[in-house]
Peer 1: 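If you scroll down you'll find the structure; I have some questions about it.
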Amino acid sequence: MEYINKKHIFFDLDHTLWDFDRNSEKTFEQIFPNHFVDFDVKKFMDIYVPLNQIYWSLYQKDLIGYVELRYRRLKDTFEKLGMFVEDYEIDRISEAYIEHLPNSNYLFEGCVETLQYLHQKYKLHIITNGFAQVQFKKLSNSGINHFFDSITNSEMAGAKKPNPIIFEHALKVAKADKFESIMIGDDLEADVKGAYDFGIDAIFFNANEKKMGEGIKQISNLVELKKIF
């Protein structure tokens with residue numbers, strides 16, 4: 001066992017356990033027929049996914065608010081597709097997306113199997129920057145909420161990862177010590193560096209197998225955690 005002193009495992013949710021991009025695509029496939037005819041969702045997603053990541057990064061750094069995040073990621077995608085979409089229509093699409101997104105429940109490969117294994121040996125927790133109401137629905141609808149002893153989101157903590165305030169809040173809620181805890185997430189800055197800077201060990205969930213530098217503990221499939229723990 002590599003982390004013999006650990007008692008608490010903190011997970012990010014989106015892009016780590018819950019397959020955000022796949023569920024987003026499924027949601028857009030559901031709602032776009034109400035707004036457009038013969039719309040190419042695959043082409044839309046190719047542009048939307050990287051733009052969404054850019055705006056989430058800005059949101060995490062408090063450089064934009066959630067209203068601008070929800071608007072710009074759609075507006076910019078449509079513009080890159082050469083489409084002019086009225087602001088009121090973007091607002092309608094954004095509201096429909098937020099409403100229907102938690103109803104999708106694709107999880108990353110090995111998610112349930114891994115959580116079942118870890119749950120027998122550790123206290124499991126969530127730390128997420130996502131919107132509270134939406135995140136709770138995702139956990140419930142995907143059937144994994146019962147694995148977690150505590151759920152911390154940025155609205156509850158008053159700060160977003162990588163801010164140390166949210167990690168401090170999560171430890172307090174979980175009744176955990178930082179030296180007995182470890183963070184697992186897909187965002188190098190928010191999850192990994194944020195945890196390290198606060199004094200918590202971390203593992204990078206590198207599902208796309210990006211090239212990383214030396215010294216970063218990483219996995220590309222969740223089931224690898226069964227060998228680590």
Side-chain angles (χ1 to χ4, degrees), residues 11-109 111 126-145 148 151-157 160-161 166 185-187 189-191 205 207-208:
F11 283 94
D12 176 45
L13 180 58
D14 294 333
H15 302 287
T16 300
L17 302 175
W18 197 82
D19 194 336
F20 186 91
D21 292 343
R22 190 177 181 190
N23 289 318
S24 290
E25 183 172 346
K26 182 180 178 182
T27 302
F28 284 126
E29 286 175 349
Q30 179 183 358
I31 67 175
F32 274 150
N34 296 323
H35 301 271
F36 308 108
V37 177
D38 297 327
F39 191 80
D40 190 335
V41 176
K42 295 285 187 184
K43 188 175 180 180
F44 173 88
M45 290 299 295
D46 286 342
I47 299 172
Y48 175 83
V49 169
L51 281 175
N52 183 54
Q53 291 174 347
I54 290 170
Y55 281 116
W56 263 103
S57 179
L58 294 173
Y59 175 71
Q60 288 171 171
K61 297 172 184 175
D62 292 321
L63 296 175
I64 61 172
Y66 76 93
V67 173
E68 186 173 0
L69 161 68
R70 289 167 56 173
Y71 173 78
R72 292 305 321 177
R73 63 187 179 183
L74 289 172
K75 181 70 172 179
D76 288 7
T77 301
F78 289 131
E79 286 183 351
K80 284 184 177 294
L81 287 169
M83 297 174 59
F84 174 76
V85 181
E86 296 279 4
D87 286 351
Y88 78 88
E89 189 72 7
I90 290 176
D91 289 339
R92 287 179 58 199
I93 294 169
S94 179
E95 289 297 326
Y97 172 75
I98 294 298
E99 177 185 353
H100 292 286
L101 181 63
N103 298 328
S104 300
N105 51 29
Y106 288 111
L107 301 170
F108 277 97
E109 181 183 358
C111 176
I126 291 287
I127 308 180
T128 173
N129 284 348
F131 309 126
Q133 185 178 7
V134 177
Q135 300 303 75
F136 283 122
K137 286 182 180 178
K138 290 176 183 176
L139 287 163
S140 177
N141 292 347
S142 60
I144 61 173
N145 55 323
F148 302 101
I151 300 167
T152 293
N153 64 69
S154 55
E155 293 175 59
M156 296 164 50
K160 309 177 191 76
K161 295 175 293 183
I166 192 171
D186 72 292
D187 192 310
E189 183 174 1
D191 298 317
F205 178 54
N208 296 321

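It should be emphasised that the depicted structure is a prediction, and the values quoted were computed from it without experimental measurement.
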Peer 1: Give, for atom CD1 of Ile47 and atom CG of Asp76, the distance between the pair rounded to the nearest 0.5 Å.
Peer 2: 10.5 Å
Peer 1: Provide the closest heavy-atom pair for Thr152 versus Ala157 in the form atom of the first, atom of the second, distance.
Peer 2: CG2-CB, 4.4 Å
Peer 1: Please determine, by modelled atom types, if Ser142 and Tyr106 share a side-chain donor-acceptor pair under 3.5 angstrom.
Peer 2: no
Peer 1: Are Phe36 and Val85 close enough that some pair of their side-chain heavy atoms sits under 4.5 Å apart?
Peer 2: yes
Peer 1: Can a salt bridge be assigned to the pair Lys161 and Glu189 using a cut-off of 4.0 Å between side-chain N and carboxylate O?
Peer 2: no
Peer 1: Could you check whether any side-chain heavy atom of Leu51 comes within less than 4.5 Å of a side-chain heavy atom of Arg72, counting everything from C-beta outward?
Peer 2: no
Peer 1: Is it the case that more than 12 heavy atoms not belonging to Glu109 sit under 6.0 Å from its CD atom?
Peer 2: no
Peer 1: Output yes when a side-chain donor or acceptor of Ser140 lies under 3.5 Å from a complementary backbone atom of Phe136, and no otherwise.
Peer 2: no
Peer 1: Begin from the C-alpha positions of Gln30 and Asn103 and carry the test side chain to side chain contact (heavy atoms under 4.5 Å, CB included) through to its verdict.
Peer 2: CA-CA 11 Å; Gln30 179 183 358; Asn103 298 328; 5.7 Å; no
Peer 1: Taking the six-membered ring of Tyr55 as reference, does the NZ or CZ atom of Arg73 fall below 6.0 Å from its centre and within a 45° cone about the axis?
Peer 2: no
Peer 1: Could you check whether Asp91 pairs with Arg70 (Lys NZ or Arg NE/NH1/NH2 to Asp/Glu carboxylate O, under 4.0 Å)?
Peer 2: no
Peer 1: Do side-chain atoms of Ser104 reach the backbone of Lys26 as a donor and acceptor pair under 3.5 angstrom?
Peer 2: no
Peer 1: Measuring from atom CD1 of Ile166 to atom NZ of Lys160, what distance do you get when rounded to the nearest 0.5 angstrom?
Peer 2: 9.0 Å
Peer 1: Evaluate the side-chain proximity of Gln135 to Trp18: yes if any heavy-atom separation is below 4.5 Å, no if none is.
Peer 2: no
Peer 1: Calculate, to the nearest 0.5 Å, the distance between atoms CD1 and CD1 belonging to Ile31 and Ile98 respectively.
Peer 2: 9.5 Å
Peer 1: Can you tell me how far the OG1 atom of Thr16 sits from the CG atom of Asp186, to the nearest 0.5 Å?
Peer 2: 4.0 Å
Peer 1: Any side-chain heavy atom of Leu69 sitting closer than 4.5 Å to one from Leu58?
Peer 2: no
Peer 1: Kindly say whether the aromatic ring centers of Phe205 and Phe11 come within a distance under 6.0 Å.
Peer 2: no
Peer 1: Salt bridge or not for Glu95 and Arg92, using N-O below 4.0 Å?
Peer 2: no
Peer 1: Looking only at atom types and distance, does a side-chain atom of Asp14 sit under 3.5 Å from a main-chain N or O of Phe20, one as donor and one as acceptor?
Peer 2: no
Peer 1: When you compare the side chain of Asn23 with that of Asn105, does any pair of heavy atoms fall below 4.5 Å?
Peer 2: no
Peer 1: Quick check: do Asp12 and Ile127 have side-chain heavy atoms less than 4.5 Å from each other?
Peer 2: no
Peer 1: Under the side chain to side chain donor-acceptor pair (under 3.5 Å) rule, what do Asn129 and Ser154 come out as? Steps first, then yes or no, please.
Peer 2: CA-CA 5 Å; Asn129 284 348; Ser154 55; 4.5 Å; no
Peer 1: Roughly how far, to the nearest 0.5 Å, is the CE atom of Met45 from the CD atom of Glu25?
Peer 2: 5.5 Å
Peer 1: On the 0 to 90° scale, with breaks at 30° and 60°, tag the Phe131-Tyr59 ring pair as parallel, tilted or perpendicular.
Peer 2: perpendicular
Peer 1: Is there a side-chain contact between Leu17 and Ile126, using heavy atoms and a 4.5 Å cut-off?
Peer 2: yes
Peer 1: Do Leu81 and Lys43 touch side chain to side chain, with heavy atoms closer than 4.5 Å?
Peer 2: yes
Peer 1: Write down the atom of Lys137, the atom of Pro102, and the distance for their closest heavy-atom approach.
Peer 2: CB-CB, 3.5 Å
Peer 1: When rounded to the nearest 0.5 angstrom, what is the spacing between CG in Asp46 and NZ in Lys80?
Peer 2: 13.0 Å
Peer 1: Go through the structure and list residues passing ring-ring contact (aromatic ring centres under 6.0 Å, His included) with Phe44, not counting sequence neighbours.
Peer 2: Phe28, Phe32, Phe39, Tyr48, Phe78
Peer 1: For Gln53, does its backbone N or O pair with a side-chain atom of Ser57 as donor and acceptor, under 3.5 Å?
Peer 2: no
Peer 1: For Gln133, is the CD atom crowded, meaning more than 12 foreign heavy atoms sit under 6.0 Å from it?
Peer 2: no
